[in-house]
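Please read the structure below before turning to the comments.
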Amino acid sequence: MRFRFRHRRIGRPNPKGNRRIPASSGEEASSVAADHSSTSPSSCPARSCSTSALMESSHPSPSPPSEQPRLTVTQIEQLRVEAKVFEIYRVLNGVDPPTMSLMLELWRDKHIEFLTKGLGNLGPSYNVLDANRPWLCYWIMHSIALLGESLDLELEENVVEFLFRCQDKNGGYGGGPGQMPHLATTYAAVNTLITLGSEKALLSIDRENLHKFFLRMKDSSGAFRMHDGGEIDVRACYTAISVASILNILDDELVKGLGNYILSCQTYEGGIAGEPSSEAHGGYTFCGLATMILINEADRLDLPSLIDWVAFRQGVECGFQGRANKLVDGCYSFWQGGSLALAQRLLPIVRQQLQLSLIGVQPSVECKTNNGFTAEEAGLDNENLSHFGFSFIQRHSECGPLFQSVALQQYILLCSQVLEGGFKDKPGKHRDFYHSCYCLSGLSLSQHSWSGDAGAAPLPGAVLGPYTNLLEPVHPLFNVVLDKYYKSHEFFSAL
Amino acid sequence: MMSTSFDEGEVERIPLCLRSEWSHAQPLPQDYGPNLVVSIAYRDEFRETMEYFHAIYAANEQSYPALEFTTEAIGMNPDNFLTSNFNPRQNLLFFSLPHMSSSSDEDEVERIPLCSRPEWSDVQPLPQDDGPNPVVSIAYRDEFRETMDYFRAIYAADERSCRALELTTEAIGMNPGNYTVWHFRRLVLESLNANLHEERDFVDRITFQNSKNYQIWHHRRWLAEKLGTEAANRELEFTKQVFALDAKNYHTWSHRQWVLESLGGWENELEFCCELLEDDVFNNSAWNQRYFVITRSPLLGGLQAMRDSEVRYTSKIILADPHNESPWRYLRGLYKGEIQMLISDNKVPELCLKVLEINKSNLFALSLLLDLLSRGHQPSDELRAIIGALRSSQDIAGTHGLAATLCLVLEAVDPMRSSYWAWRRTNLPTGVC
């Protein structure tokens, strides 16, 4: 299956306003200028009829109002990116099917090579990630796991031992040995250990002190601080709750007031911000939504608005942007795609909220379904808040993805994938482990987005490119490979 | 969210002076003047790139090659403090700031190793306990390793002295993301009862090269809180300078909001939003700030009082360019929590219809109309007619309600969201037109 969106000509046929960007004299080297060449509006290059609708899609228009002939920064940057992306898609659409299949292939070996090398030694430019080494472990290990591979046991042991040295004696993990514990690096460390999955890995986590660390990080606002004296935001909330839930140490004290805080971070746009009143942002939207689900308060969010906002983040480039009128970025394949994947399992609540927001008509259905979890799910273990993560993934998803899954896969494989291994933000950027992790995670989510039951093998139509592109499914709340999650769930439930 | 990017392999770069497309440009060397606080030995390519950049900036050459070129310049500094913003309002402060080539491998200043400094002779450096088989091992440069070894020693001893403060300055310079160093620095500053104005000057200098770093902004906030309301104006002014380079910097906006809420300074905020929107009407951060001012400023009447004038302002902007998503979301936001008002205020559907006149399948207009109907808006005859016309133009067969028709139209004109519109159609509340 190939996605039918073709290269579309930049610039709509609206000659109003003098554009400062000069018409090309024909010698311009950059492909951007080539697209803005002196072709008059009435003689647009041929484009397929199916793209005419695409012309109306949401993006900053290059047809400025007549009193302001200048293109804005947003418009210029958007056009540049579109030019690069559409050039890539144009090439894709021009080749024969075998070549197309090759272009859409996931270059597994190169990725494994890049990832494995990173696990060993990194160059001096990584000084700036010296306080983020558990993140490097997680980005790399999770990516390897998504590719269905594993390391040899000795190397896995080394990871466990290294992370153990990052663990603070009073609970939590720091960015490196001897550094203060930090919620984000704790999240990364724990997710890495779960991905490794050995008994030694799971036992190395000091859950008791970790719980105490979380309590110390708990703020009176209901939110969490990233570290002692550190910043408070929705990211901190997610990292704390995700770990507490997955390790079965989530309790009322940790949850208290949290729902109120996250609710106050949902903005007028529908997405969620890092702090109250800040701008709606993909990363924080994922963090906020996932946290609310984990504490069983998802129904308190305005879900229709949230879903609407996220759905509109997928643009003509086929990937997701992080905020309105900003640029596409491969990592949002997970943050935004993941939010919609979560929403897929909340649709009964969403439907209810839609019904309730209808003014003037009496709702015919009684609205209480116990915050989205059935009585059975909720009643299972009233004492234990940590089971919501497990119940969530057991739910059947009634419908397919709420985003264009094949288009997203197209962006990831063609625009983010790097020939030498790894993934990047967008054409023109450099690869890194963070983007490798989140592009692969987003790719996995997309491929599995039609599976009604988590972990069921997707039909070939769901996977763009050869079926061998298929990645392992993830648990969308925690972003660990599903099998690893189940194993750890079984392990920690017993504790 | 983690915005650092690295590449292990370098691409062969052709000097600009050898590229034919740049033969017309005369590079403009810059005198960085007396404000230079850190003396830097630029690599040739960085210097050359900057000299060409200054030339095209001075000539105000707004061409696509110029834009391509700024990508190169940005690529040399992963913190992206250069932008393609040729906006006339751009703050020229940028050019008087010291620039750091942040991927520098060589010693740029003549640095004396700590082990050779007499004032550190009593300290036993503490190496990092990476263990015998570390993973994700970074090949630290000597000066980095040494600085961190001494930091660990001071941190372990909890020594809150002047030399400790200086050491954290050096450590921060090498890795501004080390939150432990920042935390300890705060402890030292407090113990020494240090001059926080000087501290703020220090933070000012390093922010521009690290504008997407969480720790620096958190430190700024901590500082500003200690300095109190007298710091408000300076903080607001400072964020403006950062916006001149990147008008959407997330941390900077959060900081500005925090300053306003905690320290005040609301007087000119709405005007500031207007200015930013004049510069770039697509700046969603500016729209978000506008919403913040309208709803939170103690000097304005709140959302209720401001709604009408804001609807007028926003409608004008929408009509000027209906493809800009930001004002549409803002418009909806003006009715947040007031569904009844939203569905009965005729201005809103009238605006949608006006837009559809000039742009007959405008996605935002259609989607807003759908949301109005979904919430119980009673459609006018005009609206019914328009939807009827759309149904015909999209060849939609069968009998459908108005809202369902809109969903079908949207599926056709907004294929990227076809699954979303399909789902909306099957989940229209019962009783909707």
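In what follows, chains carry the letters A, B, and so on, assigned in the order in which the sequence lines appear, proteins first and then strands, with residues in each chain numbered from 1. Nothing here was measured: the structure is a model prediction, and the numbers come from that model.
Between A/Trp335 and A/Phe286, the ring center distance clears the sub-6.0 Å criterion. Residues B/Tyr250 and A/Tyr284 bring their aromatic ring centres within 6.0 Å. Under the 6.0 Å cut-off for aromatic ring centres, A/Phe433 and A/Phe114 qualify, their centroids lying closer than that.
Contact of B/Thr295 with chain A is not made at all, since no heavy-atom distance falls under 4.5 Å. Of the atoms belonging to A/Ala184, not a single heavy atom falls under 4.5 Å from chain B. When heavy atoms are compared at a cutoff of 4.5 Å, A/Leu340 does not approach chain B at all. Both the backbone and the side chain of B/Tyr330 come within contact range of chain A, judged by heavy atoms closer than 4.5 Å. Contact annotation for A/Val350: only side-chain heavy atoms (C-beta onward) come within less than 4.5 Å of a heavy atom of chain B. Contact of A/Pro134 with chain B is not made at all, since no heavy-atom distance falls under 4.5 Å. Using a 4.5 Å cut-off between heavy atoms, B/Tyr420 touches chain A through backbone and side chain atoms alike. Using a 4.5 Å cut-off between heavy atoms, B/Arg221 contacts chain A through its side chain alone, with no backbone atom that close. Heavy atoms closer than 4.5 Å to chain B are found in the side chain of A/Cys399, but not in its backbone. Both the backbone and the side chain of A/Tyr268 come within less than 4.5 Å of a heavy atom in chain B. Heavy-atom distances place the side chain of B/Phe292, and not its backbone, under 4.5 Å from chain A. Only the side chain of B/Trp421 comes within less than 4.5 Å of a heavy atom in chain A; its backbone stays farther off. Residue A/Asp329: no heavy atom, backbone or side chain, is found under 4.5 Å from chain B. The part of B/Lys336 that comes within reach of chain A is its side chain, from C-beta onward, which places non-hydrogen atoms under 4.5 angstrom from that chain. Using a 4.5 Å cut-off between heavy atoms, A/Asp233 contacts chain B through its side chain alone, with no backbone atom that close. The part of B/Ser374 that comes within reach of chain A is its backbone (N, CA, C, O), which places non-hydrogen atoms under 4.5 angstrom from that chain. Only the side chain of B/Trp423 comes within less than 4.5 Å of a heavy atom in chain A; its backbone stays farther off.
The CZ atom of B/Phe144 lies 8.0 Å from the OG1 atom of B/Thr147; values are rounded to the nearest 0.5 Å.
A donor and an acceptor atom, one from each side chain of A/Glu279 and B/Gln257, are nowhere located under 3.5 Å apart.
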Could you list the donor-acceptor pairs under 3.5 angstrom formed by side chains in residues 129-139 of chain B, with sequence neighbours left out?
residue, atom, partner, partner atom, Å
B/Asp129, OD1, A/Arg165, NH1, 2.8
B/Asp129, OD2, A/Arg165, NH1, 3.1
B/Asp130, OD1, A/Arg133, NH1, 3.0
B/Asp130, OD1, B/Gln128, NE2, 3.2
B/Asp130, OD2, A/Arg133, NH1, 3.4
B/Asp130, OD2, A/Arg133, NH2, 3.0

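The backbone N or O of B/Asn213 sits nowhere less than 3.5 Å from a side-chain atom of B/Asn210 that would complete a donor-acceptor pair.
Relative to the ring axis of B/Tyr214, A/Arg235 places its NZ or CZ within 45° and under 6.0 Å from the centre. A cation-pi contact, defined as under 6.0 Å to the ring centre and within 45° of the axis, is absent between B/Arg329 and B/Tyr291.
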